K.L.:
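I have a structure here, written as structure tokens, and I will follow up with some questions on it.
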Amino acid sequence: MNFNKHVPSIIMAEPPKDKTSRRKNATTESPKVNSQKDTTPQESPTETTSRTNMTLNQKTRDRAHSMATEDMPVCVICHDDFHEPKLLPCLHTFCKKCLQQLAQSGDNKEILCPECLDPQPITTDIEKLPDNTLIQHLNSIILASGKSSKKGGKSKKEKDINCSSCDKDIAAVCRCEDCKEFLCQPCVDSHKSMKALRGHSTITMKEWRKRRDAMAVKPQIAKFCSKHKGEEIGNYCVKCRKTACKDCADLEHSGPTHNCIPLEEAVQQSRQQIENALQNTRQAEAKFRGAWEIMDKRNSKLKETVDNLKKQIQDVMIREREEIAKREETFLEDLKTVDQEKRKEMNAFYDKLEANLEDFWAAQDLADSVLDLGEDYHVISLEKVLCERLDLLSSWRPSLPSEDLAEIDFVEEDDELESDHVESIVEEEVEEAEIWEMDGVIGGRGAGEGQFDWCRGVTVSLDGHCVVADWGNHRVQVFNKDRSFKCVLNTSKTMHGRLSMPHDAACLPDGRFIAIDKSKFVRVYDPDGKFLFRFETVCEDNIAKGEAVELSCVAVDRRSRVFVGDVKRNVVTVHYSDGLHIKTIPTVAPSHIAITSQDFVVVSCTQKQKVRVMNFDGKFAFQIDVYGDGEKLRPRGVGCDKDDNIYVVHKERGGEKSVHMYDDKGTYVACVATNLNEPYDVELSPDGRVVVSDDDTVKIFRQVCTT
């Protein structure tokens with residue numbers, strides 16, 4: 001997928017060819033007007049406003065004159081210059097007459113925007129839609145400069161317009177007012193000879209250009225009051241949202257129900273409102289860009305998974321080629337089908353993200369143009385509709401598919417155990433059943449304190465603090481034992497302390513917190529959430545070689561040693577609490593990790609759909625791959641209690657989502673929680689409660705009795 005697939009219709013002189021770089025520049029460069037204001041000495045508000053208006057007027061003229069040699073935007077309905085341009089709530093502009101015809105052809109309740117294809121409600125008539133005064137003004141400036149709004153044309157000798165009725169490259173000699181078509185002489189003769197078209201009205205090209213220019217130079221801005229002759233407009237009623245002269249302010253906009261302020265002050269307030277709304281929209285857009293990066297990452301992971309499975313299948317087939325040639329073909333075909341289905345689903349999410357991003361870009365382009373090119377009147381007249389759209393976009397949240405979309409279930413027959421000395425585990429009937437119930441919920445969807453946007457890793461400290469990786473809000477939140485908000489493990493004071501899409505967190509016995517995100521660093525914070533330091537899990541020599549790193553999980557044992565999982569390098573690295581490297585334990589794709597009191601390492605591998613348990617030296621002990629009555633386990637997060645019982649999150653795509661308990665030998669004990677939404681991780685509190693991160697909440701369960 002490409003950001004440049006669709007370019008939204010804007011009023012800029014020339015849309016940038018690279019939308020990605022344009023958006024990057026838009027967020028890193030400050031507006032020229034603000035930059036100029038910052039570099040000048042401090043002046044009075046009146047002088048500053050006057051200077052700013054002069055700058056904007058000069059900028060508007062310069063930009064408009066440069067646009068005379070470019071393509072000015074035209075109405076996409078009639079493909080002609082804008083006549084009385086009206087602005088829809090989606091911020092796309094069309095001629096008033098075109099919108100009226102479009103509304104008459106529908107149900108008069110809503111129309112489908114021809115630009116973005118979103119339904120737009122019509123609660124009032126087209127006449128009451130806001131005017132796009134900026135486009136009107138730009139057209140008038142270009143025509144006043146003696147240049148045409150069409151590319152390469154001038155008023156003295158304008159480039160001929162070709163016939164739009166035929167495919168021949170012949171200059172048009174007239175225009176049909178009924179068909180809205182430019183006609184060459186042969187087409188004019190054919191037009192008149194057809195009985196059904198004889199009644200159509202045609203005008204010469206000279207007359208058409210005269211009408212067009214007369215419409216474009218029509219005054220757009222009232223500098224003086226239309227009710228009181230000679231009175232200059234210098235006030236603005238905040239209550240009525242109307243400009244007024246001094247007489248209007250005294251007669252019609254006085255009293256406690258009105259609030260008249262100087263026009264300059266109103267312009268500054270409107271400009272500030274648009275700038276604030278635009279900044280909020282850019283922050284929301286950043287989340288959609290982050291979602292796009294995640295989709296690319298999962299798409300790459302899917303390709304890598306497909307390639308690895310293809311190699312595994314082919315390796316198995318080589319050993320017994322004569323006997324299993326047909327099975328090889330079947331496996332590859334099934335894999336291809338699954339791959340196509342998953343890519344189709346991924347493309348649907350890509351399309352949705354692309355459509356959302358185009359909405360952001362279209363709104364931001366118009367807001368930028370109003371702030372950069374618009375005069376005071378334009379800022380005031382467009383503030384309401386701009387802020388409403390920008391505020392709506394700021395409230396949007398990107399929607400991502402489940403992580404299961406980037407994974408493929410493939411189980412080899414006669415799967416060998418990873419140790420030659422594994423004790424066989426005989427499943428016995430469980431005589432005692434553990435009964436669990438919900439004990440509380442923390443959070444909900446949002447960006448405030450105690451709210452989450454996709455919970456990931458969860459952990460509980462020895463003193464009862466619950467720590468949650470708040471992935472979508474780029475932070476890790478800490479809660480007190482009574483489940484009230486304590487602090488956030490992210491800071492804007494230092495770049496090294498900032499988190500971006502954190503995956504997991506852990507707690508040291510001395511009260512410090514550890515967090516990992518999409519970067520290659522492990523970050524350490526003090527008990528109040530203040531950043532202390534960070535360290536890497538890869539030595540400098542490997543970094544110089546360009547070795548890929550993707551940290552996925554982190555845990556701390558009773559000796560304050562830090563265990564960090566890396567799914568790219570297929571290892572678990574062990575460090576002292578100061579970051580000093582101790583050892584590296586090889587293991588396949590460690591997505592979640594937990595440590596028992598006996599220093600056994602419990603690793604959940606979603607790729608192999610198994611939970612492996614090994615000692616500190618990496619020697620395999622046993623594995624868990626089923627739950628209940630022998631059903632296939634789809635493991636996610638893992639945790640251990642003080643008795644070394646193991647808790648595993650089971651997440652089956654489109655099926656059961658639950659948490660299950662096993663003893664320290666891997667024997668199934670009981671189901672702890674069911675009917676979860678999108679569970680990711682599990683942890684045990686010091687008092688034995690089971691803490692589960694589930695979508696945008698953290699759910700807590702407690703054992704009530706044993707039968």
Side-chain angles (χ1 to χ4, degrees), residues 1-6 8 18-24 26-28 116 118 278-305 342-364 389-407 443-448 451-457 468-476 490 498-504 516-519 550-552 567 591 606 636 651 653 677-678 680 693-697:
M1 305 293 292
N2 193 326
F3 282 118
N4 299 326
K5 181 179 178 182
H6 302 290
D18 187 352
K19 187 176 289 294
T20 303
S21 63
R22 174 171 65 81
R23 296 259 52 87
K24 182 178 179 182
T27 57
T28 57
C116 63
D118 286 341
L278 183 60
Q279 182 62 28
N280 293 336
T281 306
R282 287 200 173 112
Q283 293 175 0
E285 180 209 9
K287 289 192 175 184
F288 281 82
R289 287 189 171 276
W292 187 281
E293 293 178 3
I294 293 173
M295 290 300 300
D296 282 341
K297 184 177 178 181
R298 293 182 182 176
N299 190 34
S300 299
K301 183 178 179 181
L302 175 61
K303 183 180 183 302
E304 181 181 352
T305 303
K342 286 180 174 286
R343 291 189 183 279
K344 182 178 179 181
E345 189 170 348
M346 272 197 171
N347 287 337
F349 280 90
Y350 269 121
D351 292 342
K352 179 62 176 177
L353 287 174
E354 182 178 24
N356 293 148
L357 285 170
E358 288 178 349
D359 288 338
F360 278 101
W361 293 331
Q364 291 170 2
R389 181 62 174 178
L390 293 173
D391 291 341
L392 174 63
L393 293 175
S394 300
S395 66
W396 287 6
R397 294 293 183 272
S399 176
L400 286 173
S402 169
E403 287 183 328
D404 295 340
L405 185 59
E407 298 174 359
R445 187 169 185 83
Q451 295 180 319
F452 306 105
D453 190 357
W454 303 330
C455 297
R456 292 300 182 93
V468 185
D470 189 0
W471 181 89
N473 289 322
H474 307 288
R475 62 187 180 182
V476 173
N490 200 350
R498 295 178 183 175
L499 294 169
S500 178
M501 302 176 185
H503 300 304
D504 203 3
I516 61 171
D517 61 0
K518 69 177 184 179
S519 70
E550 184 176 344
L551 306 184
S552 55
V567 295
S591 58
T606 57
R636 290 295 184 272
K651 182 180 175 183
R653 188 181 179 195
N677 296 323
E678 290 293 330
Y680 184 84
S693 60
D694 184 21
D695 200 1
D696 296 322
T697 62

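Computed from a predicted model, the values in this text were never measured in an experiment.
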K.L.:
Closest heavy-atom contact between Arg397 and Arg445?
P.N.:
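Distance-wise, the nearest heavy atoms are CB-NH2, 3.2 Å.
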K.L.:
Nearest 0.5 Å, what's the NZ-CG distance between Lys342 and Asn347?
P.N.:
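If we round to the nearest 0.5 Å, Lys342:NZ and Asn347:CG are 13.5 Å apart.
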K.L.:
Contact between Arg282 and Ser394 at the side-chain level, heavy atoms closer than 4.5 Å - yes or no?
P.N.:
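No, too far: nothing below the 4.5 Å cut-off.
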K.L.:
Would you name the heavy atoms of Asp296 and Tyr350 that are closest together and state the gap between them?
P.N.:
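Scanning both residues, the minimum pair turns out to be OD1-OH, 2.6 Å.
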K.L.:
How many angstroms lie between CG in Asp453 and CG in Asn473, if you round to the nearest 0.5 Å?
P.N.:
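Spacing of CG (Asp453) from CG (Asn473) equals 5.0 Å.
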K.L.:
Over all heavy atoms of both residues, which pair between Ile294 and Met501 is shortest? Give the atoms and the distance, please.
P.N.:
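In terms of heavy atoms, the two residues are closest at CD1-SD, 3.7 Å.
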K.L.:
Does any N or O in the side chain of Glu293 come within less than 3.5 Å of the main-chain N or O of Gly290, such that one atom is a donor and the other an acceptor?
P.N.:
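No, Glu293 side chain to Gly290 backbone: no donor-acceptor pair under 3.5 Å.
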K.L.:
For the CE atom of Met295 and the OG atom of Ser300, what is their distance to the nearest 0.5 Å?
P.N.:
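Rounded to the nearest 0.5 Å, the CE-OG separation comes to 11.0 Å.
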K.L.:
Specify the closest pair of heavy atoms between Ala469 and Pro502, including all atoms of both residues, with the distance to one decimal.
P.N.:
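That would be CB-O, 3.8 Å.
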K.L.:
Examine the side chains of Trp454 and Glu678 and answer whether a donor and an acceptor come within less than 3.5 Å of each other.
P.N.:
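Looking only at side-chain atoms, Glu678 and Trp454 do not form any donor-acceptor pair under 3.5 Å.
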K.L.:
Thr281 side chain to Leu390 main-chain N or O, any donor-acceptor pair under 3.5 Å?
P.N.:
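The answer is yes, because a donor-acceptor pair under 3.5 Å joins these two groups.
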K.L.:
Which value, rounded to the nearest 0.5 Å, describes the distance between Asp696 atom CG and Trp471 atom CH2?
P.N.:
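That separation rounds to 11.5 Å.
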K.L.:
With a 4.0 Å cut-off, would you call Glu550 and Lys518 a salt bridge?
P.N.:
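Here Glu550 does not pair with Lys518 in a salt bridge, since their nearest N and O are not under 4.0 Å apart.
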K.L.:
Might you point out which heavy atoms bring Asp517 and Leu499 nearest each other, and give the distance in Å?
P.N.:
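The pair with the smallest heavy-atom distance is OD2-CA, 3.5 Å.
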K.L.:
Give me the atom names and distance for the closest heavy-atom approach of Gln451 to Asp470.
P.N.:
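Minimum heavy-atom contact is O-OD2, 3.2 Å.
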K.L.:
Whether the side chain of Asn299 engages the backbone of Met346 through a donor-acceptor N/O pair (distance < 3.5 Å, no angle test) should be reported.
P.N.:
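No: the side chain of Asn299 does not pair with the backbone of Met346.
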K.L.:
Indicate whether the side chain of Tyr680 and that of Asp504 have a donor and an acceptor atom separated by less than 3.5 Å.
P.N.:
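No donor-acceptor contact under 3.5 Å links the two side chains.
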K.L.:
Between Trp361 and Gln364, is a side-chain contact (heavy atoms from CB on, under 4.5 Å) present by the stated rule, with each step listed?
P.N.:
CA-CA 5 Å; Trp361 293 331; Gln364 291 170 2; 4.3 Å; yes
K.L.:
Are more than 12 heavy atoms, taken from residues, nucleotides or ligands other than Lys287, located less than 6.0 Å from that residue's NZ atom?
P.N.:
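More than 12 within 6.0 Å, yes.
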K.L.:
Look at Arg289 together with Glu285 and state whether they make a salt bridge at an N to O cut-off of under 4.0 Å.
P.N.:
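Yes, this pair counts.
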K.L.:
Could you tell me how the ring of Trp396 sits relative to the ring of Phe360: parallel (under 30°), tilted (30 to 60°) or perpendicular (over 60°)?
P.N.:
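Judged by the thresholds at 30° and 60°, the geometry between Trp396 and Phe360 is perpendicular.
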K.L.:
What's the spacing between Glu358 CD and Phe288 CZ if we round to 0.5 Å?
P.N.:
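Going from the CD atom of Glu358 to the CZ atom of Phe288 covers 13.0 Å.
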K.L.:
Nearest 0.5 angstrom please: Arg343 CZ to Leu302 CG, how far?
P.N.:
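Taking CZ in Arg343 and CG in Leu302, the distance rounds to 5.0 Å.
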K.L.:
Checking side-chain polar atoms at under 3.5 Å, does Ser552 have a donor or acceptor matched by the opposite partner on Ser591?
P.N.:
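There is no such pair (donor and acceptor under 3.5 Å, judged by atom type) between the side chains of Ser552 and Ser591.
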K.L.:
Could you check if a side-chain atom of Trp292 sits within less than 4.5 angstrom of a side-chain atom of Leu357, using non-hydrogen atoms only?
P.N.:
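Yes. Closest side-chain heavy atoms under 4.5 Å.
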